[in-house]
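Letters A, B, ... are given to chains in the order of the sequence lines, protein chains preceding strands, and every chain is numbered from 1. In what follows, every heavy atom counts, from backbone to side chain, and hydrogens, waters and symmetry copies are set aside.
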Amino acid sequence: MPELPEVETVARALRPLEGARLTNFIVNDKKVWFESECEPEEFIGKNLTAIKRRGKYLIYDFGNLYILQHLRMTGKMLPDDSAIIPAKIRSTNSKQLRCEFRFDRGNYFFYDPRRFGTLTAVRDLAHYWKKKKIAPDPIEEESAAREHFMQAMGNTKRPAKASLLDQSIIAGVGNIYADEALFALGIHPLTISARIKKTAELFSLTRAILEKAIKARGTTVYNYVNPDGVAGSYALELKVYGRTGEPCPRCKTKKIQRLVITGRSSHFCAHCQKRS
DNA sequence: TATGGCCTGTAC
DNA sequence: GTACAGGCCATA
């Protein structure tokens, strides 16, 4: 479920592990160890010096050697005694418990029912972001991210919705916050990106929505995401996402519509969000 | 640039 | 049973 605010919430919850030593590291699902520059065993015995984030990636900094974790749709980091992990999964050595981090300060499972999540070991972060075309983080590197966004948006004819989901244009935005940002500014999701006049405002508003969602500890739609088992509350703030058929909260006349754009569902108000 | 595939679970 | 799910990658 995680977009930037959810990943940030996870990073904050795991931050007490900074300074801890990784005493063991058990990979249960080989598929999780993706495009890595070394074997998992290389991390055993190392100190976790910092936990950072860029876009939707969690960064475990082991000092010139990093693990990048992507939670994709259903990935969660949970303490090994978490009640969120079903007993069935626990007792069958399911691959859904993708791996286990054992720190001298506590053990964590990477629990991921759909098994889309990944762990990637890298030595050179900057090189990795460049290779994967991940834009600067809109929260951590605001001005660089804004500059990049302005330039990239002016350069593409793709629909606004597709651009907001494109991590090479803005990092960390997924389907929920993309729909919310376009609604907040009254931009139709099919508007050609380069034709948007309020590009600067779109960046600022998207950033503001992400910040507000971080304060709410993220959005929880189907189940819990946070390592402490507490649900995020931003779902209460959603204006259009998942509200197909409900009256628009702004004009209160038209109903929220659903439209598939580049394979993903978009939610919007045809009255408040006109194509320019 | 758009499409299918990866996986499993849940809602209808 | 069918449709759908917050993301990304490989492929055409």
Asker: Roughly how many Å apart are dT3(B) and dA5(C), using the P atom of each and rounding to a whole number?
Answerer: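 Rounded to whole Å, the distance is 16 Å.
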
Asker: In whole Å, measure the gap between the P atoms of dA3(C) and dG4(B) for me.
Answerer: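 Approximately 13 Å lies between the P atom of dA3(C) and that of dG4(B).
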
Asker: With a 4.0 Å limit, can you tell me whether K31(A) has a side-chain N or O closer than that to the phosphate oxygens OP1/OP2 of dC6(B)?
Answerer: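 No.
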
Asker: Considering every strand and a 4.0 Å limit on heavy-atom distances, what is the contact class for R264(A): base, sugar-phosphate, or nothing?
Answerer: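 Base contact.
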
Asker: Taking CZ in R195(A) as the centre, count heavy atoms belonging to other residues, nucleotides or ligands within less than 6.0 Å. Is the count above 12?
Answerer: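 Incorrect, the count does not exceed 12.
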
Asker: Are Y241(A) and dG6(C) close enough that a side-chain N or O sits under 4.0 Å from OP1 or OP2?
Answerer: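 Checking Y241(A) against dG6(C): at least one side-chain N or O falls below 4.0 Å of OP1 or OP2.
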
Asker: Regarding G263(A), tell me which of base, sugar-phosphate or nothing describes its non-hydrogen contacts under 4.0 Å with the strands shown.
Answerer: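 Here G263(A) touches no strand at all.
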
Asker: With a 4.0 Å limit, can you tell me whether Q96(A) has a side-chain N or O closer than that to the phosphate oxygens OP1/OP2 of dT8(B)?
Answerer: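 For dT8(B), OP1/OP2 do not have a side-chain N/O of Q96(A) under 4.0 Å.
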
Asker: When the P atoms of dC8(C) and dG9(B) are compared, how many Å lie between them, rounded to an integer?
Answerer: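 My reading of the P atoms in dG9(B) and dC8(C) gives 22 Å.
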
Asker: Across the strands shown, which category fits R258(A) at heavy-atom distances under 4.0 angstrom: base, sugar-phosphate, nothing?
Answerer: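 Result for R258(A) = sugar-phosphate.
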
Asker: For the pair made of CG in L58(A) and P in dC8(C), what is the distance, rounded to whole Å?
Answerer: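 Distance, rounded to whole Å: 13 Å.
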
Asker: Would a 4.5 Å heavy-atom cut-off, applied to side chains only, mark T118(A) and H70(A) as touching?
Answerer: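 Yes, side chains in contact.
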
Asker: Does E201(A) CD have over 12 foreign heavy atoms under 6.0 Å away?
Answerer: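 Yes, because the 6.0 Å sphere around CD of E201(A) holds more than 12 heavy atoms from other groups.
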
Asker: Remember a base hit wins even if backbone is also touched, and classify S265(A) as base, sugar-phosphate or nothing at under 4.0 Å, heavy atoms.
Answerer: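 Sugar-phosphate, backbone atoms only, no base.
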
Asker: Let's test this: given Watson-Crick or G-U wobble pairing with both distances under 3.5 Å, identify the partner of dG6(C).
Answerer: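 The base-pairing partner of dG6(C), which may sit in any strand shown, does not exist here.
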
Asker: Can you check whether Y177(A) and Y234(A) have ring centres sitting under 6.0 Å from each other?
Answerer: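 When the ring centroids of Y177(A) and Y234(A) are compared, they turn out to be within the sub-6.0 Å range.
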
Asker: How long is the line joining CD of E35(A) and P of dC6(B), in whole Å?
Answerer: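 Going from CD in E35(A) over to P in dC6(B) covers 17 Å.
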
Asker: Under 4.0 angstrom, heavy atoms only, what part of the nucleic acid is K132(A) near: base, sugar-phosphate, or nothing?
Answerer: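 The residue K132(A) makes sugar-phosphate contact but no base contact.
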
Asker: Does any donor-acceptor pair link the side chain of R115(A) with the base of dC7(B) at a separation under 3.5 Å?
Answerer: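 No, no donor-acceptor pair under 3.5 Å.
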
Asker: Under 6.0 Å between the ring centres of F101(A) and Y60(A)?
Answerer: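 Centroid distance F101(A)-Y60(A): below 6.0 Å, so yes.
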
